[in-house]
Amino acid sequence: MIQIVETTIDHQQLLQAVSSHQSGAVVLFLGNTREFTGERQTTFLSYECYPEMALRKLEALREEAIRKFGLLDVAMVHRVGQVDLGETSVAIAVSSAHRRPAFEAGNWLIDTLKKVVPIWKKEIWADGSTEWVHPDSESQTTDSR
Amino acid sequence: MIQIVETTIDHQQLLQAVSSHQSGAVVLFLGNTREFTGERQTTFLSYECYPEMALRKLEALREEAIRKFGLLDVAMVHRVGQVDLGETSVAIAVSSAHRRPAFEAGNWLIDTLKKVVPIWKKEIWADGSTEWVHPDSESQTTDSR
Amino acid sequence: MKILLFAGLKEAIGDEELEIRVEGRTVAEVKAELATRFPEVENLVRRSHFAVGQDYVSDSFRFETTPDEIALIPPVSGG
Amino acid sequence: MKILLFAGLKEAIGDEELEIRVEGRTVAEVKAELATRFPEVENLVRRSHFAVGQDYVSDSFRFETTPDEIALIPPVSGG
């Protein structure tokens with residue numbers, strides 16, 4: 001299950017998608033909009049993506065993780081558009097027979113997603129300013145969530 | 001939120017319990033009854049606990065994890081009694097500002113729970129035999145989930 | 001003094017509690033008596049830990065004359 | 001050839017696509033022209049990657065005469 005959605009992510013659906021009688025371990029990761037980055041206050045985030053390529057990259061990551069970590073299944077859903085405080089922008093569910101690979105894969109998937117999947121976040125700060133986040137620059141916010 | 005329950009674990013409730021406007025990352029771990037252990041087939045599992053001590057230990061683990069990993073919150077629910085194939089015996093939800101500590105804490109909590117919390121699992125095998133699991137013995141099943 | 005039993009110990013000994021003298025003795029001494037009385041669970045008793053007042057104690061721990069609730073905790077397997 | 005723009009690049013250049021000659025040139029050469037035409041995003045262009053047919057290509061990649069869909073991907077920040 002790989003999706004890009006414009007409304008609330010239903011994590012129950014991800015858990016169901018990856019669960020079976022063989023999945024002794026299921027790990028779900030949720031990335032949510034956080035109110036404070038240091039002292040700066042966020043009003044909301046807005047995400048944009050390159051849809052066809054983002055879906056292709058998510059599917060490739062899914063297949064690579066299943067192979068690399070010996071998983072049973074992976075589901076990934078990313079939301080685009082406005083994501084309010086406390087709401088989920090990305091959900092990753094991983095299932096495996098044993099718990100270790102499920103944790104390792106969940107960690108690897110979100111790390112890798114943040115590096116290669118063409119999705120961008122815009123900060124709408126409480127002071128009224130806005131900022132596209134393009135990491136690894138002196139002049140721009142880097143994302144450390 | 002620390003609970004020992006006798007019916008289905010509501011993971012939605014755990015996610016809500018740990019989520020806030022500061023929780024940029026939420027990790028949920030579910031331990032489910034797996035049908036096969038190698039070639040052996042399980043019909044269901046049955047869990048027993050020492051209730052007062054199990055709750056005390058779970059609460060102590062929760063507090064230790066929050067301190068050790070700098071978390072926002074932890075919720076842990078363990079089910080006792082019969083847990084059928086594919087159903088959840090333990091759910092752990094962890095929230096933090098950033099993702100790394102959330103993954104590390106989830107991993108540490110389930111590892112440590114399995115070592116110190118007085119809860120025991122009985123295998124009801126498909127061949128009709130039953131077996132209490134007391135790990136680290138040559139003569140008994142060790143748990144590797 | 002009654003001690004609480006669980007899981008494989010409870011099943012093997014056939015009761016959820018057991019009467020044994022603990023006052024003034026060490027955990028190691030009480031375990032030795034249990035192994036003698038229940039040779040079929042000697043191995044499991046050796047690998048078990050006592051909990052007093054719901055906290056684990058080591059084999060060198062000496063029970064008070066009026067101890068709190070005592071339980072014999074076989075290796076755990078929750079999760 | 002039209003190339004797709006996103007996020008900070010789209011906002012700075014003011015359009016979601018851009019006409020530029022790519023046929024037979026390398027990614028590095030096209031980036032150099034972009035930096036000249038849009039000096040305000042020189043830094044961001046340098047840190048961006050081209051995708052051809054929705055796969056990343058390196059700076060030494062040379063565009064075909066009739067390439068697939070081309071996009072200029074600024075550093076990503078999903079998650």
Side-chain angles (χ1 to χ4, degrees), chain A residues 4 29-34 37 45-61 76-80 83 88-92 106-123 130-145, chain D residues 1-20 22 27-28 30-32 34-61 63-64 66-79:
Chain A
I4 291 175
F29 171 79
L30 303 177
N32 299 335
T33 298
R34 204 178 55 227
T37 300
L45 298 176
S46 181
Y47 288 87
E48 169 181 318
C49 76
Y50 176 10
E52 304 83 354
M53 184 171 171
L55 286 168
R56 275 188 62 173
K57 286 286 166 194
L58 287 170
E59 183 56 41
L61 284 189
M76 291 194 279
V77 177
H78 205 296
R79 183 170 173 183
V80 292
V83 182
T88 298
S89 53
V90 62
I92 299 177
N107 205 350
W108 180 85
L109 280 163
I110 181 62
D111 278 5
T112 311
L113 180 153
K114 284 169 168 277
K115 284 180 203 148
V116 307
V117 180
I119 301 176
W120 300 272
K121 167 163 61 184
K122 187 180 200 169
E123 285 274 5
T130 68
E131 179 177 25
W132 281 107
V133 180
H134 292 302
D136 290 326
S137 164
E138 299 70 40
S139 60
Q140 306 224 16
T141 302
T142 57
D143 174 61
S144 61
R145 184 174 67 209
Chain D
M1 181 72 196
K2 279 195 173 11
I3 63 173
L4 304 175
L5 301 175
F6 298 97
L9 277 176
K10 180 170 75 177
E11 189 169 281
I13 292 176
D15 202 344
E16 62 189 20
E17 51 185 32
L18 175 73
E19 186 69 39
I20 191 166
V22 302
V27 162
V30 175
K31 278 190 174 185
L34 285 169
T36 308
R37 279 171 59 183
F38 305 100
E40 68 277 20
V41 288
E42 181 187 349
N43 178 282
L44 191 52
V45 165
R46 188 175 45 73
R47 296 186 296 117
S48 299
H49 291 88
F50 271 94
V52 176
Q54 293 144 29
D55 273 317
Y56 290 112
V57 295
S58 70
D59 275 8
S60 60
F61 176 85
F63 293 102
E64 307 279 328
T66 54
D68 288 337
E69 182 172 275
I70 300 179
L72 186 54
I73 312 285
V76 302
S77 53

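In the text below, chain A, chain B and the rest are named by the order of the sequence lines, each starting its count at 1.
- For the pair A/Trp132 and D/Lys10, the minimum side-chain heavy-atom distance is 4.5 Å or more.
- Shown here are the side chain to side chain contact (heavy atoms under 4.5 Å, CB included) partners of D/Glu17, two or more places apart in sequence or in another chain: D/Lys2, D/Leu4.
- Here NZ of A/Lys122 is found 11.5 Å from OG of D/Ser77. Values are rounded to the nearest 0.5 Å.
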Side-chain donor-acceptor pairs under 3.5 Å in residues 52-61 of chain A, sequence neighbours left out?
{"residue": "A/Arg56", "atom": "NH1", "partner": "D/Gly53", "partner atom": "O", "Å": "2.8"}
{"residue": "A/Arg56", "atom": "NH2", "partner": "D/Asp55", "partner atom": "OD2", "Å": "3.0"}
{"residue": "A/Glu59", "atom": "OE2", "partner": "A/Arg62", "partner atom": "NH1", "Å": "3.2"}

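- Identified by a heavy-atom distance below 4.5 Å to chain A, the contributing residues of residues 68-76 of chain D are D/Glu69, D/Ala71, D/Ile73, D/Pro74, D/Pro75, D/Val76, in residue-number order.
- Residues forming a ring pair (Phe, Tyr, Trp, His ring centres under 6.0 Å) with D/Phe38 (at least two apart in sequence, or on another chain): none.
- The backbone N or O of D/Gly8 lies less than 3.5 Å from a partner atom in the side chain of A/His134, making a donor-acceptor pair.
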